[in-house]
2 protein chains.
Amino acid sequence: MSTTPGTLPEALAQRLADSGLRSTPQREIVYSVLLAKRDHPTADEVFARVKTDLPTISLATVYNCLETLVQCNLVRSVNFERGPTRYCPNLRPHAHFHDEQSGSTHDIDLPPELLEQVKHVLPAGYDAKSIEITFRGKAQPGAR
Amino acid sequence: MSTTPGTLPEALAQRLADSGLRSTPQREIVYSVLLAKRDHPTADEVFARVKTDLPTISLATVYNCLETLVQCNLVRSVNFERGPTRYCPNLRPHAHFHDEQSGSTHDIDLPPELLEQVKHVLPAGYDAKSIEITFRGKAQPGAR
DNA sequence: AGTGAGAATTGGAATTATTCCAAGGAATTT
DNA sequence: AAATTCCTTGGAATAATTCCAATTCTCACT
């Protein structure tokens, strides 16, 4: 009664309903495609994979479904920030804080020992040349 | 003898020369624009600012100069990875390791306590809803 | 079962960000 | 100063994403 084949779509339906949204074949298949091969596909790649099951789906729908899944916290988008690349000349080790209200980005200094600790989470065989840490949230207007 | 007005362009010239590149007015002004206002401007914004000093510069040159400065390690690009956004359904706290050779992206599990530590670098007034950590480098083919 | 309202999908056009390319200009080497 | 190489320019091309109007679907209510 709990591991029937219908379970996954139902869990998805529940999550969508929590956000006042509907479960649709398109959303289910997009989600299942992401679960089936966890290689961080692009929207275009998802589009290609979904089409084998649902040849009539449109790219716009794939974008819509992905956006929906991200908003329901079922999926994360890896390039968190859409839009143009930004540049900074601060070369000291620092993270970025992206203030969602104002859209501005602040530098956050990072103690070198923290960076070391972060590096230590890498399993053997991984050699990181750079680490990028980005926070998103609210910054009090007072904070710079 | 060391803080003359010519110092900054010369330092830039030195760095460029180290990479076998030339110092040009365009590169100097693009760099000075980045130093003058550290608000992580986009290429378009840099373009607009540079034009006040150098009205004939082209957008392509701004992109070229920014790329050059990034390659000389004088500037960092904040959206490290160009190209399409990628999606992953892994909701556990994890970082991403981007293998530059293969172009593939691996999930790296993050212990919750590390995330806490990372959060603690935020000064008062900053409230982070999410943290994104991305490594770039080489992964041994053996590593998954 | 039928209807109306709201939600979702579709295809295509539009926009945005970035890259490419060919031609001209400037600096460096011979 | 000729040759070579590097750089800049403008415009075209491409890639990623968003927008939009029309249609279709779904749900709730009769």
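Below, read A as the first sequence line, B as the second, and so on, with proteins coming before strands; counting in each chain starts at 1. Please read all numbers here as calculations on a predicted model, not as lab measurements.
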>> So, does Thr85(A) get its side chain near the phosphate of dT18(C), meaning an N or O under 4.0 Å from OP1 or OP2?
In response: yes

> Starting at CD of Glu45(B) and ending at P of dT18(C), how long is that distance when rounded to a whole Å?
Replying inline: 11 Å

>> Quick test of your reading of the model: are Glu67(A) and Arg82(A) salt-bridged, counting only N-O distances below 4.0 Å?
In response: yes

> For Ser58(B) and Pro84(B), take the nucleotide of DNA chain D holding the closest heavy atom to each; which residue's nucleotide lies nearer the 5' end?
Replying inline: Ser58(B)

> Looking at His96(B) versus His40(A), is the centre-to-centre ring distance below 6.0 Å?
Replying inline: yes

>> Under 4.0 Å between a side-chain nitrogen and a carboxylate oxygen: does that hold for Arg49(A) and Asp39(A)?
In response: yes

> Just to confirm, is there a sub-4.0 Å distance from OP1 or OP2 of dT19(C) to any side-chain nitrogen or oxygen of Arg82(B)?
Replying inline: yes

> Rounded to whole angstroms, how far apart are CG on Leu16(B) and P on dA27(C)?
Replying inline: 15 Å

> Nearest-Å distance, CZ (Phe47(B)) to P (dA17(C))?
Replying inline: 13 Å

> Judged by atom type as modelled, is there a donor-acceptor pair below 3.5 Å linking the side chain of Ser102(A) to the main-chain atoms of Ser104(A)?
Replying inline: yes

> Can you tell me how far P of dA17(C) sits from CG of Leu66(B), to the nearest Å?
Replying inline: 14 Å

> In whole Å, what is the span from the CG atom of Leu54(B) to the C1' atom of dG25(C)?
Replying inline: 14 Å

> So, are Arg38(B) and Asp107(A) salt-bridged, with charged N and O less than 4.0 Å apart?
Replying inline: no

>> Within residues 23-44 of chain A, which residues have any heavy atom lying less than 4.0 Å from an atom of DNA chain C?
In response: Thr24(A), Gln26(A), Arg27(A)

> Is it true that a side-chain atom of Thr68(A) and a backbone atom of Asn64(A) form a donor plus acceptor pair closer than 3.5 Å?
Replying inline: yes

>> Less than 4.0 angstrom from a charged side-chain N to a carboxylate O is my criterion; do Asp109(A) and Arg92(A) meet it?
In response: yes

> Between the side chains of Glu113(B) and Gln117(B), does any donor sit under 3.5 Å from an acceptor?
Replying inline: no

> Leu59(A) has an atom CG; how far is it from atom C1' of dT10(C), in whole Å?
Replying inline: 11 Å

> Arg22(A) has an atom CZ; how far is it from atom P of dA7(C), in whole Å?
Replying inline: 7 Å

>> Could you tell me if the side chain of Arg136(B) sits less than 4.5 Å from the side chain of His98(B), heavy atoms only?
In response: yes

> How many Å lie between CD on Glu81(B) and P on dA17(C), as a whole number?
Replying inline: 18 Å

> 5' to 3' on DNA chain D, which nucleotides open and close the contacts with chain B (atom under 4.0 Å from a heavy atom)?
Replying inline: dT5(D) to dT17(D)

